[in-house]
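Structure, as structure tokens:
For ligands, and for the atoms within them, numbers begin at 1 and follow the listed sequence. When reading the values below, keep in mind they use all heavy atoms of this one structure, side chains included, and skip hydrogens, waters and symmetry mates.
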Amino acid sequence: MQKNALQPIASPLLRWYEANARRLPWREFPSPYRTLVSEFMLQQTRVEAVLPYYGRFLEALPDIRALAEADEQVLLKLWEGLGYYGRARNLQKAARMVTEDFGGEIPASYEALLRLPGIGPYTAGAIASIAFGLPHPAVDGNVLRVLSRIKASKKDVGNSSVRRAMEQGIQKIIPEGRAGDFNQALMELGATVCLPGEPKCGACPLAYLCKGYEKGVAASLPVKQKKPERKAVEKTIFVLIADGRLALLRRPEGGLLAGLWGLPSAEGFLTPKEAKEKIAHWGLSPAEIRPLPPTKHIFTHMEWRMTGILAQWNTLSKDCGFTWASKKEIKNGYPLPSAYRSYLNHFLSDR
Ligand code: ADE
């Protein structure tokens, strides 16, 4: 039988993890529910970004039933600013399936986890290993980078067969009874030492057996096919303020930022004159309008290039199809994605 080239990494990696693991809230008091929530939040999101959300989320929704029964707007408000809002909806769908099909117990089975919404091989492996100690790999982008460098592999990690081969390689070397620690050790090494672009090989417990380090090619790995360019969309965002309230619109149920709230907008960059006409078209006649500086927001597949228009009134006689929300209502009730943040601040920070 061919010897598994990865076998020698297991012991030094675990020893390194024991001494160097960051103290993270989902590691301190693990439970299946807490692991489920943390792994959804950590999908495509850095630990530092998740930290402020995690505790607040668990306080508001402390168990699977509370999550299953939560009002959607409350759920989205708890997720506000974390992005990829489909995760929050899938997390709730998964919680509902767990309460309906598994009596409220998150299933201790990789295959059953994989059938829940929003859970792919990586998240199923992470939950199975961390929450239940089951020997399944959890190979994310960080881990693919670590493994590509250890093997000095130039194979494209965006290719699913390359990923599967890596998973199979890991599956064979998971130390008995330590699956969760082992998977998290690999992630941790990728997140804190084996960094993209500039690996800290001097601090790496695996440098002595890393082929990428030996050949001096670690920094250039992994090989990843270039992503298609993001589509750029130009918009004018309206900050309409009347009687201390801001005009909001609920975004459509399907598509980008579905079901969240947003500011009124128009396609393209409008001149102040065009903006005035647009506002008049909505049935409002501003005393004064003022352009706001341009900004942009980057989503995975799209980029919004925005310019803004501020218009204010002292009184409001009709709603014109908008929801007019106070600062307090916005803070407590309406989930607004970060894309609007800089324009929203013209209202929120205004005394
Ligand atoms: N990324 C995904 N899961 C993680 C975990 N459990 N710890 C740290 N980073 C992670």
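Summarising the contacts of atom 10 (C) of ligand 1 with Met187, Met41, Glu188, the nearest heavy atom is found in Met187.
Atom-to-atom distance recorded for Ile127:CD1 and Tyr122:OH is 9.5 Å, nearest 0.5 angstrom.
Here His301 and Phe299 keep their ring centres 6.0 angstrom or further from each other. Between Trp79 and Phe40, the distance separating the two ring centers is not shorter than 6.0 angstrom.
Residue contact check: Val47 has heavy atoms under 4.0 Å from atoms 8 (C), 9 (N) of ligand 1. Atoms of ligand 1 lying under 4.0 Å from any heavy atom of Leu42, numbered from 1 in the order shown and given with element: 1 (N), 2 (C), 3 (N), 4 (C), 5 (C), 10 (C). In the vicinity of Ile130, heavy-atom distances shorter than 4.0 Å reach the ligand 1 atoms 6 (N). Atoms of ligand 1 lying under 4.0 Å from at least one heavy atom of Trp26, given by number and element, are 5 (C), 6 (N), 7 (N). Interface of Glu39 with ligand 1, defined as ligand atoms under 4.0 Å from a residue heavy atom, comprises 2 (C), 3 (N), 4 (C), 5 (C), 6 (N).
Look at Lys273 and Glu277 and you find a salt bridge, because one of the NZ, NE, NH1 or NH2 atoms lies within 4.0 Å of a carboxylate O, short of that distance. Taking the charged nitrogens against the carboxylate oxygens, Lys226 and Glu229 have no contact shorter than 4.0 Å, which rules out a salt bridge. A salt bridge is defined here as a Lys NZ or Arg NE, NH1 or NH2 lying under 4.0 Å from an Asp or Glu carboxylate O, and Glu48 with Arg22 meets this definition. Using a cut-off of 4.0 Å between Lys/Arg side-chain N and Asp/Glu carboxylate O, Glu167 and Arg164 are scored as not salt-bridged.
Contact annotation for Phe40 and ligand 1: no heavy atom of the residue comes within less than 4.0 Å of the ligand. Neither the backbone nor the side chain of Asp140 comes within contact range of ligand 1; no heavy atom lies under 4.0 Å. For Asn142, no heavy-atom contact with ligand 1 is shorter than 4.0 Å.
Protein heavy atom at the shortest distance from atom 7 (N) of ligand 1 is Arg27 NH2, 3.1 Å. Taking atom 2 (C) of ligand 1 as the reference point, the nearest protein heavy-atom neighbour is Tyr122 OH, 2.8 Å.
Note on ring orientation: taking the six-membered ring where Trp is involved, the planes of His136 and Tyr110 are parallel (angle under 30°, cut-offs 30° and 60°).
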